[in-house]
Amino acid sequence: MRWSVLDAPLDSSGRGRGEHRAPAALRAAGLLGRVGAADAGTVDALITDPTRDPETGVVGVDRVRNAGRAIAARITALVGAGRHPLVLGGDCAILPGILQGLPAGFDLWFLDAHLDFEDGRSSPTGEAADMDLSIVTDHGPAGVLDREGPLVDPDQVHVLGHRPLDPARSDGREAARIDPAVRLVPATRLRGADATTEGRQLAVGTTPAWLHLDLDVLDPLVLPAVSYPEPGGLDWADLTALARPLVGSGRLLGMSVTDFNADEDPDGRHAERIAQVLADLLAD
Ligand SMILES: [Mn+2]
């Protein structure tokens with residue numbers, strides 16, 4: 001596959017807490033050469049103001065919208081040129097921009113510990129990375145996207161690897177809000193052979209698909225360098241078993257990798273492992 005790496009160093013907290021340094025850390029680990037990817041450069045996507053917009057409830061809403069616009073333009077150009085974008089976040093707030101740039105009618109394979117289905121009021125933080133799935137299915141705050149309506153049909157969204165949804169906690173309230181057409185596959189059903197089975201079932205078909213990997217889908221025991229670690233996640237072998245059939249399906253438009261917090265990886269060991277796993281999955 002003809003991969004092109006695009007950096008999207010968007011940290012939607014506006015606090016510069018480390019996700020915005022992930023693209024540089026992954027490049028320093030030799031990601032481009034190991035995947036055999038072209039260099040598509042970077043998108044202007046930094047947010048440096050943590051203020052929550054009073055109207056929408058979203059931190060840096062104008063910057064998030066502008067970053068999304070810039071990401072969308074680059075995605076459209078790359079896909080139009082026959083490339084497969086590998087977009088390096090930043091956090092999950094890059095997803096609306098990416099999907100805004102894709103031709104309509106794709107499946108979304110969304111690997112994440114969290115549902116990312118808050119809105120501008122319900123989110124405890126106001127970070128757009130709490131809301132990316134609600135935004136792209138048209139349940140999120142106004143002001144983030146340039147256009148109305150869903151970017152992806154909720155029927156075509158598969159959320160893979162989320163943790164137990166406890167009604168007493170915010171993720172349980174989030175689960176109650178999620179569009180019922182979205183398919184939820186918890187981490188407990190993606191261990192060992194189940195990961196391979198799920199990947200093979202998803203891979204069937206011909207509809208183009210986007211693969212979104214929030215690295216916090218992994219267990220904090222194998223990847224602690226994320227901002228919102230959740231116990232009970234996948235190990236590296238589960239992730240590879242799930243993703244390999246997806247990559248091999250011939251359906252992938254591209255892939256995004258988010259939430260690696262490079263500040264929590266002082267000796268670079270986690271960047272090395274991420275680069276190794278991506279190369280194992282994506283290199284021809
Ligand atoms: Mn996420």
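Atoms within a ligand are numbered from 1 in the order they appear, just like the ligands themselves.
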Closest non-hydrogen contact found for Ser123 with Gly126 is OG-N, 2.8 Å
Checking distances from the Mn ion (ligand 1), one finds that the N, O or S atom of Asp112 closest to it is OD2
Name the orientation class of the two ring planes belonging to Trp3 and His84 (parallel below 30°, tilted from 30 to 60°, perpendicular beyond 60°). tilted
Indicate if the distance from the Mn ion (ligand 1) to the nearest N, O or S atom of Cys92 falls below 2.8 Å. yes
When every non-hydrogen atom of Ala45 is compared with those of Leu10, the smallest separation belongs to O-CD1, 3.2 Å
query = Does Asp116 bring an N, O or S atom to under 2.8 Å of the Mn ion (ligand 1)?
reply = yes
Exactly one of Arg15, Arg17, Arg52 clears salt bridge (charged side-chain N to carboxylate O under 4.0 Å, His left out) with Glu127, and that residue is Arg17
Of all the N, O or S atoms in Asp214, the one nearest to the Mn ion (ligand 1) is OD2
